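Model, not experiment: these values are computed from the prediction. The basis for the numbers below is simple: all heavy atoms, side chains too, and nothing from hydrogens, waters or symmetry mates.
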Amino acid sequence: MNDLLQEFLNYISVERGLSHNTIDAYRRDLNQFSGYLTGKGYSDPAQVQSQTMIEYLLHLQQQELKAASVTRKLAAIRSFFQYAVRERRLKIDPSVTIDSLKTPQRLPKVLSEKEINRLLEQPGASKPANLRDKAMLELMYATGVRVSELVSLKLNDINMDMGYIRCFGKGSKERIVPMGGSAVNALLDYLDRGRPKIIRRAAEETLFLNHHGRKMSRQGFWQIIQAAARRVGIGITVTPHMLRHSFATHMLDHGADLRSVQEMLGHADIATTQIYTHVTRTRIQQVYNKTHPRA
């Protein structure tokens, strides 16, 4: 079982090019499944049957996991068995008869445009770190990139003259995303007056650096955005992904077409992007109910 699991993890890393975060999630979910099988006396994945899968799903639900978490774990197990059958390591995929759980669709949380403006104006320009924080916040809202993409940007991924960035999303897929004048100006300030005072190695190519002069971590940016939100009095927990949600929603609010937003977000399936149209319709309904005299 362990050998086959490692082969599968190597496959999704090398051949499918999935991100480190995705691979880590697969590893955790599959190790948990493997541990369950070991506890039940299974030593060979060929012993696993559909009934075993049903029992495992019931086991997960008894732990009071959310449906989305159970669905994610089931997806990892499906991929593993599909790989094993395709490579002729197993004859039968025991997960093929298991229906996916239906998970309730939750609308992403977004900030209002006024809240975004307060957040982006907060860092100021008194210190090099302030310039960096301002540039990161502006760039994330301007482009809608994922936090992992933001902190992985290199100097040569930024084109100031043409006003775009190059980033690598899930599966290492490259995409070009435009950025507006506010983000360009914030980046210029950071590169001119901020980064030179933070950098420790002249050969460092990472765009955004922490106070040690090394690549900013996702956790580091999470702390930056949390601190900025608290200082401007936003009364909810603000996450980096919320800036991405706000980017997409505000673009659609102002007339952007869904296909363009899909391309900028790096979604493989437009159905993923369509969730933001629900957010927009919900906001319109709320405005109507609040303002129409006969609502």
Side-chain angles (χ1 to χ4, degrees), residues 1-104 106 145-152 167-174 206 214-222 239-241 266-269 271-272:
M1 183 71 175
N2 289 336
D3 290 342
L4 187 54
L5 280 178
Q6 190 56 53
E7 287 180 26
F8 171 71
L9 293 171
N10 290 338
Y11 160 73
I12 62 175
S13 173
V14 176
E15 295 192 33
R16 290 185 56 189
L18 300 185
S19 70
H20 292 302
N21 295 332
T22 302
I23 294 169
D24 285 344
Y26 270 78
R27 180 181 291 108
R28 286 192 301 270
D29 291 340
L30 291 172
N31 282 341
Q32 183 182 9
F33 180 57
S34 177
Y36 172 83
L37 295 179
T38 300
K40 293 293 183 179
Y42 294 94
S43 58
D44 187 332
Q47 297 173 289
V48 179
Q49 299 178 351
S50 296
Q51 183 60 34
T52 315
M53 295 294 305
I54 293 171
E55 291 171 357
Y56 182 61
L57 291 178
L58 291 173
H59 166 73
L60 293 176
Q61 290 177 330
Q62 287 169 359
Q63 297 178 6
E64 298 185 352
L65 294 178
K66 293 181 179 179
S69 297
V70 176
T71 299
R72 189 200 70 228
K73 293 177 186 296
L74 178 58
I77 295 169
R78 281 189 198 281
S79 296
F80 166 70
F81 279 120
Q82 288 168 0
Y83 167 81
V85 170
R86 189 167 59 248
E87 295 297 313
R88 298 184 179 179
R89 301 293 299 278
L90 293 177
K91 292 183 179 180
I92 298 174
D93 176 359
S95 70
V96 72
T97 59
I98 306 299
D99 293 332
S100 296
L101 300 179
K102 291 185 177 181
T103 57
R106 291 186 298 175
V145 293
R146 302 175 179 91
V147 63
S148 57
E149 296 167 347
L150 180 73
V151 299
S152 297
C167 62
F168 297 88
K170 293 183 177 181
S172 299
K173 292 181 180 178
E174 178 182 344
T206 302
R214 294 193 289 268
K215 176 184 173 181
M216 172 72 68
S217 67
R218 291 179 302 149
Q219 294 78 10
F221 182 63
W222 190 90
T239 66
H241 219 63
H267 286 161
D269 188 346
T272 309

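Between P94 and S50 the shortest heavy-atom distance is O-OG, 3.2 Å. What you find for I12 and L9 is that their closest heavy atoms are CG1-O, 3.3 Å. When all heavy atoms of Q32 and Y56 are compared, the closest pair comes out as CG-OH, 3.5 Å. Residues V151 and S217 share a closest heavy-atom pair of CG1-O, 3.9 Å. Here the shortest heavy-atom pairing between V85 and D93 reads CG2-N, 3.7 Å. Annotation for C167 and V145: closest pair SG-CG1, 4.0 Å, computed over non-hydrogen atoms.
For residues 7-27, the pairs satisfying salt bridge (charged side-chain N to carboxylate O under 4.0 Å, His left out) are E7-R89, D24-R27, with sequence neighbours left out. Legend: salt bridge (charged side-chain N to carboxylate O under 4.0 Å, His left out) pairs involving residues 34-59, not counting sequence neighbours: none detected.
F33 CZ to M1 CE: the interatomic distance, rounded to the nearest 0.5 Å, is 5.5 Å. In this structure, the separation between CG on L30 and CZ on F81 is 9.0 Å, given to the nearest 0.5 Å. To the nearest 0.5 Å, atom CG of residue L60 and atom CG of residue D29 are 9.0 Å apart. Interatomic distance, H241 NE2 to R146 CZ, rounded to the nearest 0.5 Å: 7.5 Å. Here the CE atom belonging to M53 is positioned 5.5 Å from the CG atom belonging to L74, to the nearest 0.5 angstrom. Atoms OG1 and CD, from T52 and Q47 in turn, are 9.0 Å apart once rounded to the nearest 0.5 Å.
Atom CD1 of I54 has more than 12 neighbouring heavy atoms from other residues, nucleotides or ligands inside a 6.0 Å radius.
Residues passing the side chain to side chain donor-acceptor pair (under 3.5 Å) test with T22, sequence neighbours excluded: S19.
Defined by atom type and a distance below 3.5 Å, a donor-acceptor pair is missing between the side-chain atoms of N2 and Q6.
At least one donor-acceptor pair under 3.5 Å links the side chain of T38 to the backbone N or O of S34.
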key: Stepwise side chain to side chain contact (heavy atoms under 4.5 Å, CB included) test for F8 and S79   = CA-CA 9 Å; F8 171 71; S79 296; 3.7 Å; yes

task = Assess whether side chain to side chain contact (heavy atoms under 4.5 Å, CB included) is satisfied between Q82 and S95, documenting all intermediate values.
result = CA-CA 9 Å; Q82 288 168 0; S95 70; 5.7 Å; no

